[in-house]
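If you're wondering where the values come from, they're calculated on a predicted model, not measured in any experiment.
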Amino acid sequence: QVQLVESGGGLVQAGGSLRLSCAASGRTFSSYGMGWFRQAPGKEREFVAAISWNGGNTYYADFVKGRFTISRDNAKNTVYLQMNSLKPEDTAVYYCAANTEGALRASGYNYWGQGTQVTVSS
């Protein structure tokens, strides 16, 4: 069983930055592929970014390319999402997720966190 706990959300003005963290339990975190997703009110959950098990490869949704950066620290069992140049349309609950295959992908995740709210004011 993998437990994921997100933190770092909050209220920020447009153009500002936030860094989300996701702490994972378990001794095999370094073998997991990790991803970030988000869900805005009234919308379906959507893929944001993913990182491979060793951090060597990353993958982003088009709408965050150049603004968001996913990274991981396997020694700390933590994955991060650095969000810069935030826009009001980035307002959503952000979730981290893990896939035990270690894959870099936008779907097929086994475990999910509870989410952290990000609100961007105009």
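Taking Ile, Leu, Val, Met, Phe, Trp and Tyr as hydrophobic and joining them when side-chain heavy atoms fall under 4.5 Å apart, one finds Tyr80 isolated, its cluster having no other members.
Two residues are said to be in side-chain contact when any heavy atoms from C-beta on lie closer than 4.5 Å; Arg45 and Tyr95 meet this criterion. Using a 4.5 Å heavy-atom threshold, the side chains of Ile51 and Val79 count as touching. The shortest side-chain heavy-atom distance between Met83 and Tyr94 falls under the 4.5 Å cut-off. Glu46 places none of its side-chain heavy atoms less than 4.5 Å from the side chain of Gln39.
Considering all non-hydrogen atoms of both residues, Leu81 and Val48 come closest at CD2-CG1, 4.2 Å. Here the shortest heavy-atom pairing between Tyr59 and Ala106 reads CE2-CB, 3.9 Å. Between Ile70 and Thr58 the shortest heavy-atom distance is CG2-CG2, 3.6 Å. Taking all atoms of both residues into account, the shortest heavy-atom contact from Val2 to Leu4 is CG1-CD2, 3.8 Å.
No donor-acceptor distance shorter than 3.5 angstrom exists from the side chain of Ser30 to the backbone of Thr28, with no hydrogens or angles considered. In this structure, the side chain of Gln114 does not engage the main chain of Glu6 through any donor-acceptor pair within 3.5 Å.
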Side-chain donor/acceptor pairs under 3.5 Å, residues 16-25, sequence neighbours excluded:
from: Ser17; atom 1: OG; to: Asn84; atom 2: OD1; distance (Å): 2.9
from: Ser25; atom 1: OG; to: Gln3; atom 2: N; distance (Å): 2.8

Distance-only donor-acceptor pairs under 3.5 Å for side chains of residues 115-122, two or more places apart:
from: Thr116; atom 1: OG1; to: Gly9; atom 2: N; distance (Å): 3.2
from: Gln117; atom 1: NE2; to: Ala92; atom 2: O; distance (Å): 3.4
from: Gln117; atom 1: NE2; to: Thr119; atom 2: OG1; distance (Å): 3.3

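Screening residues 60-74 for salt bridge (Lys or Arg N to Asp or Glu O under 4.0 Å) gives Asp62-Lys65, Arg67-Asp90 as the qualifying pairs, with residues at least two apart or on separate chains. Legend: ring pair (Phe, Tyr, Trp, His ring centres under 6.0 Å) pairs involving residues 4-37, not counting sequence neighbours, sorted by first then second residue: Phe37-Phe47, Phe37-Tyr109, Phe37-Trp112. Within the structure, salt bridge (Lys or Arg N to Asp or Glu O under 4.0 Å) contacts touching residues 100-116 (residues at least two apart or in different chains) are Glu101-Arg105.
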Candidate pair Asn99 and Tyr111, rule side chain to side chain contact (heavy atoms under 4.5 Å, CB included), full reasoning: CA-CA 7 Å; Asn99 76 76; Tyr111 299 99; over 6 Å; no
